[in-house]
Amino acid sequence: MTAQTCNPAMMRQSDSSGDAKVGGRDGVRKTPWYKTRGFVESASSTGFLIPVLAVFVVLTLIPLIQTVYYSFTDYTGFNPNVNFVGFDNYRKVFTDPSLLVGLGFTILFALVTTLITTIIAIPLAVLLNTKFYGRSFARSLFFFLGVPSLIVLGMVWSFILSPLKTGALNSVLVSMGLDSVPWLANETLARGCVIFVAIWAAVGWHATLYLAYLQAIPADLYEQAAVDGASGFQKFIHITLPQLIPGIVVSTFLLITNGLKVYDLPFGMTKGGPGYSTNTITQAIIVHGISQSQYGLGSALAVLFTLACLIVVLGQTALTSAISRRFA
């Protein structure tokens with residue numbers, strides 16, 4: 001035999017090792033699906049989401065399911081015997097005058113504060129974006145209005161707008177020879193005062209938000225408009241406002257959601273009074289569900305309120321998306 005002749009044992013070993021490397025239709029062994037790069041990366045990403053998902057399920061999903069369940073029962077929080085009452089709790093919601101008044105004021109509060117705050121905050125942001133002496137101080141001052149807690153602001157303004165002659169504002173009026181005004185004792189005035197304070201507290205913060213978007217607008221757009229002879233109003237309508245659409249979407253979304261779930265400011269100013277004129281849905285849920293131990297009724301109110309918020313937010317999102325596409 002020549003030197004090129006192969007040993008049969010070596011040939012068998014080579015064949016066996018070759019068999020270990022081939023397989024499948026193409027003669028190449030395929031990597032198991034659980035060892036592929038895509039699966040490993042997907043599994044790693046999913047692993048990071050598990051804690052977040054667990055928190056969502058425990059703190060949001062399970063309580064939501066329990067709330068829907070309790071809304072069909074007479075659960076009081078004390079009696080272990082829970083009876084199914086059908087839609088009785090939902091009927092009470094639509095027949096209780098205090099709840100209907102609270103629903104009406106909540107919607108009014110959310111819509112008015114969103115509209116007026118947006119109308120004031122955008123021109124204020126444009127003003128704060130111009131160069132003038134003390135601009136940094138003015139920006140800090142307006143932003144500071146939204147820093148304190150709303151419950152604290154409510155308590156401070158309840159003293160300022162006290163309907164008594166000893167109230168801060170009424171004391172000034174009386175010293176000027178004028179009659180005191182029942183700011184928080186009259187239903188219409190109380191609603192107006194609560195809405196006014198909410199707008200006063202929110203304008204500075206949202207103006208700062210719009211200011212951030214204004215500073216991201218390229219200066220070349222304004223320079224080209226100035227060359228074309230555009231006025232300040234035309235620059236605002238055709239350049240500033242379309243560029244602020246993303247900021248308007250964010251601002252109005254925050255205003256509507258915060259307005260629908262408002263509780264601290266009206267409670268700090270009026271405790272929901274006079275009567276039920278400044279009562280909100282959130283306060284009604286707390287009063288009926290916790291203070292009066294009517295968990296079934298409070299749960300029904302919470303379910304309806306959640307659905308109403310969902311409809312309003314979806315409508316607002318669809319509207320802003322249509323406006324964004326219009327100016328895109």
Side-chain angles (χ1 to χ4, degrees), residues 56-114 150-151 154 158 184-195 197-198 255-317:
F56 172 78
V57 171
V58 173
L59 299 182
T60 302
L61 186 59
I62 293 178
L64 181 61
I65 296 175
Q66 290 178 330
T67 300
V68 175
Y69 168 73
Y70 287 138
S71 67
F72 294 99
T73 66
D74 59 354
Y75 181 60
T76 62
F78 300 101
N79 189 354
N81 298 323
V82 179
N83 300 316
F84 183 79
V85 297
F87 290 93
D88 288 349
N89 291 323
Y90 291 92
R91 296 191 188 97
K92 293 179 181 178
V93 170
F94 290 104
T95 56
D96 191 332
S98 64
L99 299 180
L100 295 178
V101 172
L103 176 62
F105 176 70
T106 301
I107 296 176
L108 176 68
F109 180 91
L111 294 179
V112 174
T113 53
T114 299
L150 288 179
I151 188 68
S158 67
L184 301 180
N186 179 274
E187 293 186 359
T188 303
L189 289 177
R191 290 176 178 175
C193 289
V194 171
I195 293 175
V197 175
L255 286 169
I256 288 179
T257 53
N258 291 334
L260 290 174
K261 65 182 182 181
V262 66
Y263 166 72
D264 39 10
L265 180 62
F267 184 80
M269 289 184 64
T270 63
K271 301 295 188 298
Y276 297 103
S277 58
T278 58
N279 193 29
T280 62
I281 292 297
T282 306
Q283 182 176 346
I285 293 173
I286 294 174
V287 170
H288 287 81
I290 299 177
S291 300
Q292 299 180 2
S293 298
Q294 298 179 356
Y295 284 89
L297 180 60
S299 298
L301 187 58
V303 170
L304 293 175
F305 180 58
T306 302
L307 293 176
C309 291
L310 180 62
I311 293 173
V312 172
V313 170
L314 290 177
Q316 187 263 349
T317 304

Ring centroids only, cut at 6.0 angstrom: are Tyr295 and Tyr70 within range, meaning strictly under it?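 No, the ring centres sit 6.0 Å or more apart.
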
Please indicate whether Phe78 has more than 12 foreign heavy atoms, meaning atoms of other residues, nucleotides or ligands, lying under 6.0 Å from its CZ.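 Open: at most 12 neighbouring heavy atoms sit under 6.0 Å from CZ of Phe78.
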
Which atom of [X] lies closest to which atom of [Y], heavy atoms considered:
X	Y	result
Phe109	Ala198	CZ-CB, 3.4 Å
Asn89	Ala300	CB-CB, 3.7 Å
Ala190	Gly273	CB-O, 4.2 Å
Phe72	Val68	CD1-O, 3.1 Å
Ala302	Thr67	CB-CG2, 4.1 Å
Ala284	Leu99	CB-CD2, 3.6 Å

Going from [atom1] on [X] to [atom2] on [Y], what distance comes out if it is rounded to the nearest 0.5 angstrom?
X	Y	atom1	atom2	result
Leu297	Asp74	CG	CG	12.0 Å
Leu255	Leu111	CG	CG	11.0 Å
Leu314	Cys309	CG	SG	11.0 Å
His288	Leu301	NE2	CG	8.0 Å
Thr280	Ile107	OG1	CD1	12.0 Å
Phe87	Ser71	CZ	OG	8.5 Å

Distance-only donor-acceptor hits, side chain of residues 257-266, under 3.5 Å, sequence neighbours excluded:
residue: Thr257; atom: OG1; partner: Phe253; partner atom: O; Å: 2.8
residue: Thr257; atom: OG1; partner: Leu254; partner atom: O; Å: 3.1
residue: Asn258; atom: ND2; partner: Leu254; partner atom: O; Å: 3.0

Taking the side chain from Thr95 and the backbone from Lys92, do they hold a donor-acceptor pair closer than 3.5 Å?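 Looks like yes, one N/O pair under 3.5 Å.
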
Does Arg191 use its side chain to pair, donor to acceptor, with the backbone of Ser277 at less than 3.5 Å?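 Between the backbone of Ser277 and the side chain of Arg191 there is a qualifying donor-acceptor contact (under 3.5 Å).
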
[Y] side chain reached by [X] side chain, heavy atoms, under 4.5 Å:
X	Y	value
Phe305	Thr282	yes
Asn279	Phe105	no
Met269	Thr278	no

